Amino acid sequence: AAELGAKIVAAEVEHRWQVLADAARSPILREALASQEEPRELVVDQRQQLQAWLDGYFARHQRSLRFQSLFITDENGIQVARSPYSAETIGHWWGYRTYFHGGPHDLDPSTPRDELRPARHEILSAVYLSEGTEELSVAFSVPIWSHDHGHPESQVVGMLSMSLAMGDFTEIETQVGDAFLIDIRESRIGETNRRGLVLYDSRGQRSGVRASEDPSDLAWLDRDSVERADRLTTLLRRTTRHGSRLAVAAGWWGDVPDPVRPHDRAAATAAWPVKLRTGEQIPWLVLVRQR
């Protein structure tokens, strides 16, 4: 059940990347972002054109995909369009966010802007506090290329991103137990730097977490379980044959505390990493605990 849940989550991630990648090939995006003149700023007509395109794209996918917003960041890290529209975020510099530069965590907002460039690959961002909604969120991003791949003058001219409230990404339901989606990367939220943030709990999605709440009150996987997750992901990277006995054995954790209700009784638990086909990235873990 844990392995199946992890595969479903991975497919959801890659589906969103594909939706964004298809959209990022739009001539409207390419031409508007690639035609910026010095000092590399869009004119009013270009901004309006991008906003209208993004609003239309938002409306077409709102029912088929669960997400908060779509936004476009230019090659300098400036948000040039967002749907739903937000005057609080458009025109501001977000180059320090992982959804722009693709690093392991957000950087200090005072980082010199000329040191950061848009990523050249798909990104599943670190968890961040959304300025537009004041919710803990994650974002999926793809680069917008000026030309088709293989063109000698092709370069990244911006990023197209989709944001989701924490816990709203997917639903993992099993008949054998309670399911959890865990971020096994480092999460930097306020003054809290920890690994093992609980993104989803099948008994009640953790999507209502607001900025006013203390990050230390969020649900986190215990340290021993994070270390187990590291061993499991290392084994999985080395596994070339599906269903390796070593990996399956490492995925069976026995009695483990509830990550959301740590004072409840321990219960039989299995875990499986969310392995993405694009690269070696293993950002998340699915846990299934026997009821």
Side-chain angles (χ1 to χ4, degrees), residues 13 16-58 61 65 67-147 154-165 188:
V13 172
R16 280 168 169 76
W17 275 341
Q18 188 60 56
V19 167
L20 291 170
D22 290 343
R25 288 192 286 269
S26 166
I28 293 175
L29 295 188
R30 287 179 167 179
E31 292 171 9
L33 292 170
S35 64
Q36 295 182 78
E37 300 294 337
E38 297 296 341
R40 312 301 288 171
E41 292 183 358
L42 295 170
V43 299
V44 174
D45 287 348
Q46 289 173 322
R47 289 181 181 273
Q48 292 175 344
Q49 185 181 39
L50 286 176
Q51 186 63 47
W53 180 90
L54 199 62
D55 287 340
Y57 199 76
F58 181 94
H61 289 278
L65 284 175
F67 60 92
Q68 279 178 322
S69 68
L70 296 169
F71 54 94
I72 300 168
T73 312
D74 71 12
E75 64 179 312
N76 301 307
I78 303 294
Q79 188 180 107
V80 294
R82 182 187 187 276
S83 188
Y85 183 88
S86 173
E88 295 181 359
T89 61
I90 293 177
H92 292 268
W93 181 69
W94 304 105
Y96 65 92
R97 293 286 200 196
T98 59
Y99 58 65
F100 176 78
H101 60 74
H105 51 76
D106 287 350
L107 303 174
D108 192 302
S110 64
T111 302
R113 299 187 181 191
D114 57 2
E115 293 182 3
L116 299 172
R117 306 305 302 162
R120 300 169 62 87
H121 54 79
E122 299 94 344
I123 300 169
L124 171 57
S125 82
V127 174
Y128 65 95
L129 180 61
S130 170
E131 299 289 337
T133 65
E134 294 192 340
E135 288 184 296
L136 292 178
S137 306
V138 294
F140 305 86
S141 299
V142 299
I144 302 169
W145 294 87
S146 59
H147 302 82
S154 186
Q155 58 182 337
V156 178
V157 292
M159 301 295 289
L160 177 61
S161 304
M162 173 188 294
S163 71
L164 298 90
R188 298 186 176 186

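Since the structure is predicted, the reported quantities are computational estimates derived from the model, not experimental observations.
- In this structure, Arg97 and Thr73 have side chains that are not in contact, with every pair of non-hydrogen atoms separated by 4.5 Å or more.
- The closest donor-acceptor contact from the side chain of Arg47 to the backbone of Ala81 lies at 3.5 Å or more, if one exists at all.
- In this structure, Ser137 contributes its side chain and Glu135 its backbone to a donor-acceptor pair below 3.5 Å.
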Would Glu115 and Leu107 count as a side chain to side chain contact (heavy atoms under 4.5 Å, CB included) if you check the C-alpha gap in whole Å, the side-chain angles of each, and the deciding distance to 0.1 Å? CA-CA 11 Å; Glu115 293 182 3; Leu107 303 174; over 6 Å; no

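- A 4.5 Å side-chain heavy-atom check between Gln46 and Leu50 finds every atom pair outside the cut-off.
- Below 30°, between 30° and 60°, or above 60°: for Tyr96 and Trp94 the angle between ring planes is between 30° and 60°, a tilted geometry.
- Considering only heavy atoms from C-beta on, Tyr57 comes within 4.5 Å of Leu70 through its side chain.
- Across all non-hydrogen atoms, the minimal contact from Ser26 to Trp53 is OG-NE1, 3.4 Å.
- The side-chain heavy atoms of Ser69 and Met162, taken from C-beta on, include no pair separated by under 4.5 Å.
- With contacts defined as side-chain heavy-atom distances shorter than 4.5 Å, the pair Leu160/Leu54 qualifies.
- For the pair Arg113/Leu116, no side-chain contact is recorded, criterion being any heavy-atom separation below 4.5 Å from C-beta on.
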Run the side chain to side chain contact (heavy atoms under 4.5 Å, CB included) test on Trp17 and Leu124 for me, step by step, so that the C-alpha distance in whole Å, both residues' side-chain angles and the decisive distance to 0.1 Å come before the verdict. CA-CA 9 Å; Trp17 275 341; Leu124 171 57; 4.1 Å; yes

Let me see the working for Gln49 and Ile28 under side chain to side chain contact (heavy atoms under 4.5 Å, CB included), right down to the final yes or no. CA-CA 8 Å; Gln49 185 181 39; Ile28 293 175; 3.9 Å; yes

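- At distances below 3.5 Å, not a single donor-acceptor pair connects side-chain atoms of Glu122 with backbone N or O atoms of Ser141.
- Thr111 contributes a side-chain N or O that, together with a main-chain N or O of Asp108, makes up a donor-acceptor pair within less than 3.5 Å.
- In this structure, the side chain of Thr98 does not engage the main chain of Ser125 through any donor-acceptor pair within 3.5 Å.
- Atom-to-atom distance recorded for Arg82:CZ and Glu88:CD is 9.0 Å, nearest 0.5 angstrom.
- In this structure, Phe67 has its ring center at least 6.0 angstrom away from the ring center of Phe140.
- The shortest distance between side-chain heavy atoms of Trp145 and Val156 falls below 4.5 Å.
- Counting heavy atoms from C-beta on, the side chains of Ser146 and Gln155 come closer than 4.5 Å.
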Before giving the answer on side chain to side chain contact (heavy atoms under 4.5 Å, CB included), spell out for Tyr128 and Ser130 the whole-Å C-alpha distance, their side-chain angles and the decisive distance to 0.1 Å. CA-CA 6 Å; Tyr128 65 95; Ser130 170; 4.2 Å; yes

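- Between Ser154 and His147, the shortest heavy-atom distance links the atoms OG-O, 3.1 Å.
- With hydrogens and angles disregarded, a donor-acceptor distance shorter than 3.5 Å links the side chain of Asp74 to the backbone of Asn76.
- Looking at every heavy atom in both residues, Met159 comes nearest to Ile144 through C-CD1, 3.8 Å.
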